[in-house]
Structure formats: C-alpha cells, structure tokens
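In what follows, a single structure is set out as structure tokens and then discussed.
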Amino acid sequence: MAEHHHDRVWTELSLQVRAEEPLCRIRIPGVCTTISTAADHILPSSRYPHLELERSNLQGACRPCNRAKSDLTMDELIEKLGLDDGERPALAFFTS
C-alpha cells in the first residue's frame with residue numbers, strides 16, 4: 001500500500017473510531033482525560049501489523065492513556081498497573 005494512501009486510510013479510520021467511541025475506553029486512573037482524541041490499537045500494530053487498519057482492533061482513547069498504554073495489550077497494561085486479575089482500568093477509573 002502506498003504510504004500516502006495508508007496515511008489517508010488511517011486518518012479516516014481514526015476519525016471514525018473517535019466519532020463512534022467519544023469516550024476513552026482505556027481510562028487509566030490519574031491519567032485519563034475521558035475524551036477520545038486518539039484511536040488505540042487494542043493489539044499493538046508493532047506486533048500485529050496485519051491488524052493495523054482493522055476497525056475491530058481499534059478503540060477510542062484519550063492521548064494520555066494511549067501514550068501510557070503504548071505497545072501493550074490491555075492484559076499487559078493491567079499487569080503493569082498492578083491491578084487484580086480481570087480488573088480493567090476503565091472500571092478502576094469509576095471506583096476511584
């Protein structure tokens with residue numbers, strides 16, 4: 001795929017994700033700004049490049065959460081944050 005085509009497809013897909021999911025789905029306590037300003041790769045594109053432009057692998061996220069999650073999966077992020085098994089950052093956000 002030509003680079004300019006890839007950039008255009010990514011821009012349109014990112015806008016779609018943010019419109020469909022206006023609230024951050026990651027929600028790291030103390031980091032989250034709530035409003036989706038980025039499209040986060042659920043499975044990192046660095047490790048799963050074939051899913052980079054798949055809508056099903058994207059979720060709305062605020063930029064601070066997206067940067068903090070970086071190239072981690074949600075499970076890896078939960079482990080990094082030291083949360084209990086099955087506790088998602090989004091749930092911790094609402095209970096803190």
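To the nearest 0.5 Å, atoms CD1 (I28) and OG1 (T33) are separated by 11.0 Å. Here the OG1 atom belonging to T73 is positioned 8.0 Å from the CG atom belonging to L77, to the nearest 0.5 angstrom. Separation of atoms CG (L58) and CD (E52) is listed at 9.0 Å; rounding is to 0.5 Å. E12 CD to L15 CG: the interatomic distance, rounded to the nearest 0.5 Å, is 8.0 Å. Between atom CD1 of residue I35 and atom SG of residue C62 there is a gap of 9.0 Å, rounded to the nearest 0.5 Å. Between the CE atom in M74 and the CZ atom in R25 there is a gap of 8.5 Å [rounded to 0.5 Å].
Put simply, V31 and L81 are part of the same group of oily side chains (I, L, V, M, F, W, Y) that touch within less than 4.5 Å, one to the next.
Considering only heavy atoms from C-beta on, I26 comes within 4.5 Å of D40 through its side chain. The shortest side-chain heavy-atom distance between C24 and T34 does not fall under the 4.5 Å cut-off. Counting heavy atoms from C-beta on, the side chains of S36 and P22 never come closer than 4.5 Å.
Heavy-atom minimum distance, R63 versus A38: NH1-CB, 3.6 Å. Taking every heavy atom of both residues into account, A68 and K80 meet most closely at O-NZ, 3.9 Å.
Residue L51 belongs to a hydrophobic cluster whose other members are L43, Y48, with links defined by side-chain heavy atoms closer than 4.5 Å.
For residues 13-46, every residue pair satisfying the ring-ring contact (aromatic ring centres under 6.0 Å, His included) rule, not counting sequence neighbours, is listed here: W10-H41.
Looking at residues two or more places apart in sequence or on another chain, you find a side chain to side chain contact (heavy atoms under 4.5 Å, CB included) between Q16 and L13, E20, R55. Applying the side chain to side chain contact (heavy atoms under 4.5 Å, CB included) criterion to S46, with sequence neighbours excluded, gives P44, D71. E76 pairs by the salt bridge (Lys or Arg N to Asp or Glu O under 4.0 Å) definition with R47, not counting sequence neighbours. Take T37 and apply the side chain to side chain donor-acceptor pair (under 3.5 Å) test, not counting sequence neighbours, and it matches no residue.
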